[in-house]
Amino acid sequence: CFKGARTPGPGAVAPTASFHALAATDIHGEPFDFATLKGKKVIVVNTASECGYTPQYAQLQELYDTYKEKGLVIIGFPCDQFGGQEPGTEVEIEAFCQKNYKVTFPMMSKVKVKGDGQHAVYRWLTSKSLNGAMDATVKWNFHKFLVDEEGHLVMSLESGVSPMDERVLNWLDGK
């Protein structure tokens, strides 16, 4: 399904922006250049420390541990837009992730994933006119976006979909 060259599906448009041209600020306040992600599969996920889906951190970390040597990068974007479930500072968020889930994948600074002030990464992920693949709406915490090695948006998975879902594992395994 995801082997070989990517052929645009019906209604696909040429992206007007490149995923690898994007950037963010990491949880330590340092720039994170998405050009460093060229050649890697990427899962972008909006996170929260006080959400019913917060235990997905454990599955995300397990995926990262299993696939990072094969080129997977998971990028967590803390967000407080859904039920105020990420009230902490970056220092508090990082401490929570370390203490409870031993997170080692890159975490970014807190962002807005929708509406006024939407971060550029999420504007790209949710807008077909930018990503060339699909429009998507982030409805809650732990929404996952899968981006292939060439920077093409491949899949958007809602919060309730496990990081260990068959679709994710098949994608990671090149099936």
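The structure displayed is predicted, hence computed values, not measured ones.
Distance check, rounded to the nearest 0.5 Å: OG1 of T66 to CD of Q61 gives 9.5 Å. In this structure, CZ on R167 lies 15.5 Å from NZ on K175, to the nearest 0.5 angstrom. Between E166 atom CD and W171 atom CH2 the span is 15.5 Å, to the nearest 0.5 Å. Taking CG from D165 and CG from L63, the interatomic distance works out to 10.5 Å, rounded to the nearest 0.5 Å. Remark: H20 NE2 to K40 NZ distance equals 10.0 Å, nearest 0.5 Å. With rounding to the nearest 0.5 angstrom, the OG1 atom of T104 is 8.5 Å from the CD1 atom of I74.
In this structure, the side chains of V147 and M155 stay at 4.5 Å or more apart for every pair of heavy atoms. Counting only heavy atoms from C-beta outward, the side chains of F19 and V42 approach each other to under 4.5 Å. Counting heavy atoms from C-beta on, the side chains of N131 and F145 never come closer than 4.5 Å. Between W124 and L153, some side-chain heavy-atom pair lies under the 4.5 Å cut-off. You'll find the side chain of S156 reaches within 4.5 Å of the side chain of H143, heavy atoms only. Using a 4.5 Å heavy-atom cutoff, the side chains of Y122 and N46 are in contact. Here the side chains of E86 and C79 are not in contact, with every heavy-atom distance at 4.5 Å or above. Two residues are said to be in side-chain contact when any heavy atoms from C-beta on lie closer than 4.5 Å; L172 and L72 meet this criterion.
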Stepwise side-chain contact (heavy atoms from CB on, under 4.5 Å) test for K38 and E149: CA-CA 6 Å; K38 287 180 182 173; E149 298 89 337; over 6 Å; no
Stepwise side-chain contact (heavy atoms from CB on, under 4.5 Å) test for S162 and Q56: CA-CA 7 Å; S162 165; Q56 285 190 18; 5.7 Å; no
Check against side-chain contact (heavy atoms from CB on, under 4.5 Å), D173 and Y67: CA-CA 9 Å; D173 290 331; Y67 289 93; 3.0 Å; yes
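Scanning all heavy atoms of the two residues, the minimum distance from Q81 to K114 falls at NE2-O, 2.9 Å. Here the shortest heavy-atom pairing between L22 and V121 reads CD1-CA, 4.0 Å. Nearest heavy atoms, F105 versus L60: CE2-CB, 3.8 Å. Residues P106 and Y64 approach most closely at CD-OH, 4.2 Å, considering heavy atoms. For M107 against P78, the heavy-atom pair with the smallest separation is CE-CG, 3.8 Å. Across all their heavy atoms, M108 and A24 have their closest contact at SD-CB, 3.8 Å.
With hydrogens and angles disregarded, a donor-acceptor distance shorter than 3.5 Å links the side chain of S109 to the backbone of T25. Under the 3.5 Å distance criterion, the side-chain polar atoms of K110 are matched with a main-chain donor or acceptor of G88. Side chain of D65 to backbone of K68: no donor-acceptor contact under 3.5 angstrom is found. The backbone N or O of G29 sits less than 3.5 Å from a side-chain atom of D26, completing a donor-acceptor pair.
Checked against F82 for a ring-ring contact (aromatic ring centres under 6.0 Å, His included), the options Y53, W140, F142 give a single hit: W140. Just one of L157, I75, V168 meets the side chain to side chain contact (heavy atoms under 4.5 Å, CB included) condition when paired with I43; it is V168.
For the residue pair N141 and Q85, a side-chain donor N or O sits within less than 3.5 Å of a side-chain acceptor on the partner. Residues H28 and E94 have side chains that bring a donor and an acceptor to within less than 3.5 angstrom of each other. Between T47 and Y57, the side chains place a donor N or O and an acceptor N or O closer than 3.5 Å (distance only, hydrogens not considered). A donor atom on one side chain and an acceptor atom on the other are found under 3.5 Å apart for Q118 and T126.
Note: F77 and H119 have tilted aromatic rings, judged against thresholds of 30 and 60 degrees for the angle between ring planes.
Checked for salt-bridge contact, K139 and E158 meet the test: a charged N lies under 4.0 Å from a carboxylate O.
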